[in-house]
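Data block below; observations after.
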Amino acid sequence: MKKIVLTILAMLSMTMSFAEETSANETEKVKAYDMTVDYKRLAVCLGLCLDQMSAVKEIHDTFCENMKEVALLPEDEQQEMLQKVLDIDMRYMSYVLERDQYRKYLALINVTLNNRGLLK
């Protein structure tokens, strides 16, 4: 009887550790898609005026919401939707930012996505 109880206890603990690892991996994947930024630092980095800053904040907030939706999609659909979300964000930013500001923003987004392993 003692062996049976210990065997069941061992099996349950192994199952729980496996489930915990899977949950942690899923959480890390969702965190990779969190694109929130400090808008004051972004404004300083890009040299934004007040009007540009408010427009960039609205555009980037929409981008962040779209990225959260992409994180919840199945993996086979994520890359396609990620590209669509990026295209929309870049199109809107190109209207608001000047040429040099847009280049810096594009570089920041590319570096962030590459560091998080989202671009393939």
Side-chain angles (χ1 to χ4, degrees):
M1 183 73 169
K2 196 174 191 180
K3 284 185 176 182
I4 294 173
V5 170
L6 290 176
T7 305
I8 291 173
L9 183 63
M11 288 175 51
L12 286 175
S13 65
M14 286 189 291
T15 305
M16 293 303 285
S17 67
F18 174 74
E20 182 179 326
E21 183 178 316
T22 304
S23 177
N25 288 341
E26 291 296 320
T27 304
E28 290 299 318
K29 287 180 184 177
V30 171
K31 282 183 181 179
Y33 286 90
D34 182 19
M35 301 297 286
T36 56
V37 296
D38 181 2
Y39 291 108
K40 290 180 183 177
R41 284 187 174 185
L42 182 63
V44 169
C45 179
L46 298 177
L48 301 177
C49 67
L50 287 176
D51 293 335
Q52 285 178 319
M53 188 172 168
S54 64
V56 166
K57 184 180 183 316
E58 288 182 30
I59 294 168
H60 195 75
D61 284 343
T62 304
F63 175 68
C64 291
E65 290 299 318
N66 291 337
M67 288 296 285
K68 288 178 186 176
E69 292 175 11
V70 170
L72 300 175
L73 292 174
E75 286 188 34
D76 57 337
E77 297 175 15
Q78 282 181 341
Q79 281 300 312
E80 182 180 338
M81 283 304 295
L82 176 66
Q83 194 59 47
K84 286 181 182 179
V85 168
L86 284 171
D87 289 343
I88 291 169
D89 183 56
M90 292 302 125
R91 188 174 345 122
Y92 290 155
M93 286 295 185
S94 69
Y95 295 134
V96 174
L97 300 175
E98 296 172 5
R99 188 176 181 155
D100 291 336
Q101 292 170 330
Y102 179 75
R103 285 183 182 167
K104 284 183 186 179
Y105 180 76
L106 185 60
L108 289 172
I109 290 292
N110 281 331
V111 167
T112 303
L113 293 174
N114 280 329
N115 286 345
R116 294 182 182 185
L118 299 178
L119 289 181
K120 294 178 183 176

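Note that the numbering runs from 1 along the sequence shown for the chain.
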Next item on the list: Calculate, to the nearest 0.5 Å, the distance between atoms CE and CD1 belonging to M93 and I109 respectively.
Entry: 7.5 Å

Next item on the list: Decide side-chain contact (heavy atoms from CB on, under 4.5 Å) for M53 and L42; before the verdict, give the C-alpha distance in whole Å, the side-chain angles of both, and the deciding distance to 0.1 Å.
Entry: CA-CA 9 Å; M53 188 172 168; L42 182 63; over 6 Å; no

Next item on the list: For the residue pair K84 and E80, establish whether any side-chain heavy-atom pair is separated by less than 4.5 Å.
Entry: yes

Margin query: What I'd like to find out is whether the side chain of D34 reaches to under 4.5 Å of the side chain of C64, using heavy atoms alone.
Written below: no

Item checked: Q52 side chain to C49 backbone, donor-acceptor under 3.5 Å -> yes

Note to self: Looking at every non-hydrogen atom in both residues, tell me the closest pair between L97 and V56 and how far apart they are.
What the structure shows: CD2-CG2, 3.7 Å

Notebook entry, point to check: Any sub-3.5 Å donor-acceptor pair from Q78's side-chain atoms to A71's backbone N or O?
Noted result: yes

Next item on the list: Return yes if some donor-acceptor pair links the side-chain N/O of E98 with the main-chain N/O of L48 below 3.5 Å, else return no.
Entry: no

Next item on the list: Determine, stepwise, if the pair L113 / L86 fulfils side-chain contact (heavy atoms from CB on, under 4.5 Å).
Entry: CA-CA 10 Å; L113 293 174; L86 284 171; 3.6 Å; yes

Checklist line | Shortest non-hydrogen contact between D89 and Y105, atoms and distance | finding: OD2-OH, 2.8 Å

Notebook entry, point to check: Side chains of H60 and Y92: is there a donor and an acceptor less than 3.5 Å apart?
Noted result: no

Notebook entry, point to check: Please walk me through it: do I88 and F63 pass side-chain contact (heavy atoms from CB on, under 4.5 Å)?
Noted result: CA-CA 8 Å; I88 291 169; F63 175 68; over 6 Å; no

Note to self: For Y33 and E69, which I'm curious about, is there any donor-acceptor pair between the side chains at under 3.5 Å?
What the structure shows: no

Check: Considering all heavy atoms of both residues, which atom of L106 and which atom of M90 are nearest to each other, and what is their separation?
Finding: CD1-SD, 3.5 Å

Notebook entry, point to check: Which is it for R103 and R99 under the side-chain contact (heavy atoms from CB on, under 4.5 Å) test, yes or no, and what are the steps along the way?
Noted result: CA-CA 6 Å; R103 285 183 182 167; R99 188 176 181 155; 2.9 Å; yes

Notebook entry, point to check: Are L46 and Y95 joined in one hydrophobic group, where the rule is that I, L, V, M, F, W and Y side chains link up if heavy atoms are under 4.5 Å apart?
Noted result: yes

Margin query: Between D87 and Q83, is there a side-chain heavy-atom distance shorter than 4.5 Å?
Written below: yes

Next item on the list: Taking all heavy atoms of M67 and all of V85, pick out the closest pair and write down the distance.
Entry: SD-CG1, 4.1 Å

Checklist line | D61 and Y39 side chains, donor-acceptor separation under 3.5 Å | finding: yes

